[in-house]
Protein chains: 2
Amino acid sequence: MAVGNGGLAPTGRRRQSVTIKHVAADAGVSLQTVSRVINNGPNVRPAMKERVQASIDKLGYVPSIAAQRMSGSRSYLILAINDRDRTIADWRAREGRDWIDQMLLGGMLTAAERGYRMIFELVDTHSDHVERELGAAIAALRPDGIIVTPPHSENLQITDLLAESGIPFARIGSKEEGPGIAITMGDEYLAALATDHLIELGHKRIGLIAGPDEYSLAGWRIDGWCEAMGRAGLSVDGLCVKGDFGFESGIAAANSLLDRPDPPTAIIASNDQMALATLQVARERGLAVPEDMSLISFDNSPVVRFTDPPLTAVEQPIAATVSRAVEMLIDARTHAPPAEPVQIQGELVVRRSTGPARVDGR
Amino acid sequence: MAVGNGGLAPTGRRRQSVTIKHVAADAGVSLQTVSRVINNGPNVRPAMKERVQASIDKLGYVPSIAAQRMSGSRSYLILAINDRDRTIADWRAREGRDWIDQMLLGGMLTAAERGYRMIFELVDTHSDHVERELGAAIAALRPDGIIVTPPHSENLQITDLLAESGIPFARIGSKEEGPGIAITMGDEYLAALATDHLIELGHKRIGLIAGPDEYSLAGWRIDGWCEAMGRAGLSVDGLCVKGDFGFESGIAAANSLLDRPDPPTAIIASNDQMALATLQVARERGLAVPEDMSLISFDNSPVVRFTDPPLTAVEQPIAATVSRAVEMLIDARTHAPPAEPVQIQGELVVRRSTGPARVDGR
DNA sequence: ATGAAAGCGCTAACAT
DNA sequence: ATGTTAGCGCTTTCAT
């Protein structure tokens, strides 16, 4: 017979079995005191607190988050917003991109530690009803914090709406000034890191397949690559081609790079899909990787470990980033969040798609 | 006064901007009538309904789910429970298992269509505080439906607790009688299908690497294989070895199968991890796949498309299953859910790891 | 077919 | 340091 339900006749409508009232009655105190204990409020004598806690434990009482929300306090909900089309496309493709997984788990575990839960919501970016969709989610849930990812995190229509809602929010993949906590994964540094790795291997012509302008992080990766090339005194002329993060665009970009009279001996692709495409192009052209051409990928989703050869890749620490975002969002109640963009550092995972440049320079 | 935050002074505590009251005032009706319109209740004249709906649209009103929950109605929340250790291990490993992704998206999209949201929760199976963990989640959220996956779906401690809570729940991967909606993915049929595929290719000795007894579905897969072998007049003697769904156990199982004086010419592994292990063992032994040995995997997670060769695999329709579960759970308010186990059919995806048996029988 | 009143479980504001 | 009161936004009685 479970705990709780103590004196309650099982006849009535089945509402919440054990409420704050039961606890108050059991401990012989007022509702308020119980509430204070639950919320670690001040002005409770240790002895009192202990007694109430004992009743809570005994009855197995857990506060209803709906009721907590109602009375003007927290909802204990963190909302994570992702782009609908992109998320569904990835999901359908089943090609092993696991950023939703990483977001969910990174966020969920951290949230759980603090008594919060995460809810995911898909929202169309390119749509005149963004406001309605997002506004509805906010109104329905009234979350205590919201996490937005690219491209939403750079969509002014969205960030303005969030700012107006008064709910703390984190912009992942954005370093713009403005409302909300900006968090990045050090794209510029990582691109430079990847480039340096290739330079150390003796490569002189290092191509970059960039992402679309719509994403600022695509630009930061270009910056990092340019910076590292410049530092080494290497030219970047004609070595940067834009893709759209899709496989097909990667094919085109890789071909355009390799069609040059003086083709790169190494290529950095700004995401896994375009790297996979580049790998295929190399194979079609009879170029061995890494003997004839080195390749580095961005994202490091699981699939790049299973290609032949496994790809050297820049790891995007998505779980850690979302986890940190959740923490800052929860803390925003009490401490003011950092005004400067927060950076969660990724790293380069060296595998077998990168090797020394050929001495003949080809 | 007050569309949105329009007239609201930013001074006061910021509560829900547009409430049912605003709508009632705007439409010049009682709260009750608005509530009836929201919930598609009876006894509202079409004209009235239209007028209220107009106000709702105009003000952009969205009901607060917390308030809806409070007043004894629905919470519009579906809770999905997964095993903590297994989920975290998969996530950390980043080996491309995507069942969480499939669950989340399959469930989330269907839930969203009906105005519901999904929340994920990790619970330890092997723990004396299952009751506390699960009970706390239920008490805090009061979801309208709960989805449990293996091994939870076959844990009596858990299913009993759920039954007692009075909240509709779905047991995925379980066909036991008892409370809750049982849903399976046709494991027995699928195992037979895989076996038949190999038999048609001329294989006579088809090994099975089974899953642990803890999972009923492991048994169903054995049954399906046995049945197909029997139908074809083939012996199963010594051709079934148990693993635990882990890579290492797959290595051991594959070795044990291939060490036989009369080794199988084809192997079915009960999940992807063990299939990957089998592939590695084959490679180590100099067996070409599929020339020397055919291999079929269960689950069809993204990674098996990227191995060399890509694996023929049984597809587990996780997204469809969870989607169906969500639907039945939501419908449980009105229609009684099916008493018989529901089956969502998977399929066999033929790739390049299966081929004709060698004529010499080796 | 509509409205008024009561109350869900909890916390904020105000006592004491 | 503790208790009392009012009310969050909504749905459920129970009128009319």
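A note on names: the letters A, B, ... follow the listed sequences, proteins ahead of strands, and every chain is numbered from 1.
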- Give the rounded distance in Å between these two atoms: CE of M70(A) and P of dT11(C). 12 Å
- Item | Whole-Å distance separating the NE2 atom of H22(A) from the C1' atom of dC8(C) | 13 Å
- Item | dT11(C) phosphate, OP1 or OP2, under 4.0 Å from S35(A) side-chain N/O | yes
- Message: Within the structure provided, determine whether R69(B) and I65(B) are in side-chain contact (heavy-atom separation under 4.5 Å).
- Response: no
- Message: Rounded to whole Å, please give me the gap between CG in L31(A) and P in dA15(C).
- Response: 19 Å
- Task: Return no unless some side-chain N or O of S64(B) is found under 4.0 Å from OP1 or OP2 of dC8(D).
- Result: no
- Item | Phosphate OP1/OP2 of dG3(D) contacted by S30(A) side-chain N/O (<4.0 Å) | yes
- Message: Measuring from the side chain of M48(A) (C-beta onward, heavy atoms only), which nucleotide among dG9(D), dT2(D), dT11(C) has the closest atom?
- Response: dT2(D)
- Note on the structure: To the nearest angstrom, the OH-P distance between Y76(B) and dG9(D) comes to 18 Å
- Task: Rounded to the nearest angstrom, tell me the gap between atom CZ in R69(A) and atom P in dT11(C).
- Result: 13 Å
- Item | Ion pair check, R74(B) and D144(B), cut-off under 4.0 Å | no
- Query: Which listed nucleotide (dC10(D), dC8(D), dC8(C)) is nearest to the side chain of I20(B)?
  - Reply: dC10(D)
- Are R114(A) and Y116(A) close enough, and set up right, to give a side chain to side chain donor-acceptor pair (under 3.5 Å), and what steps lead you there? CA-CA 6 Å; R114(A) 307 283 229 93; Y116(A) 284 68; over 6 Å; no
- Task: Compare side-chain N and O positions of Q68(A) against OP1 and OP2 of dT11(C) and report whether any pair is under 4.0 Å apart.
- Result: yes
- Query: T33(A) side chain N/O closer than 4.0 Å to the phosphate oxygens (OP1, OP2) of dG3(D)?
  - Reply: yes
- dA1(D) C1' sits how many Å from N43(A) CG, rounded? 6 Å
- Query: Of the nucleotides dA1(D), dG9(C), dG9(D), which has the atom closest to the R45(A) side chain?
  - Reply: dA1(D)
- Is there a donor and acceptor pair closer than 3.5 Å between the side chain of R36(A) and the base of dG3(D)? yes
- R142(A) CZ to dC10(C) C1': how many Å, rounded? 18 Å
- Message: Within the 3.5 Å criterion, strictly below it, is a donor on W99(A) or D90(A) matched to an acceptor on the partner's side chain?
- Response: yes
- Heavy atoms under 4.0 Å, any strand shown: does V34(A) hit a base, just sugar-phosphate, or nothing? nothing
- Query: For the side chain of T19(B), counting heavy atoms from C-beta on, which of dG9(D), dT2(C), dT11(D) is nearest?
  - Reply: dG9(D)
- State, yes or no, whether a side-chain contact exists between L122(B) and L109(A) at a heavy-atom distance under 4.5 Å. yes
- Item | Interatomic distance, Q32(B) CD vs dA4(C) P [rounded to whole Å] | 11 Å
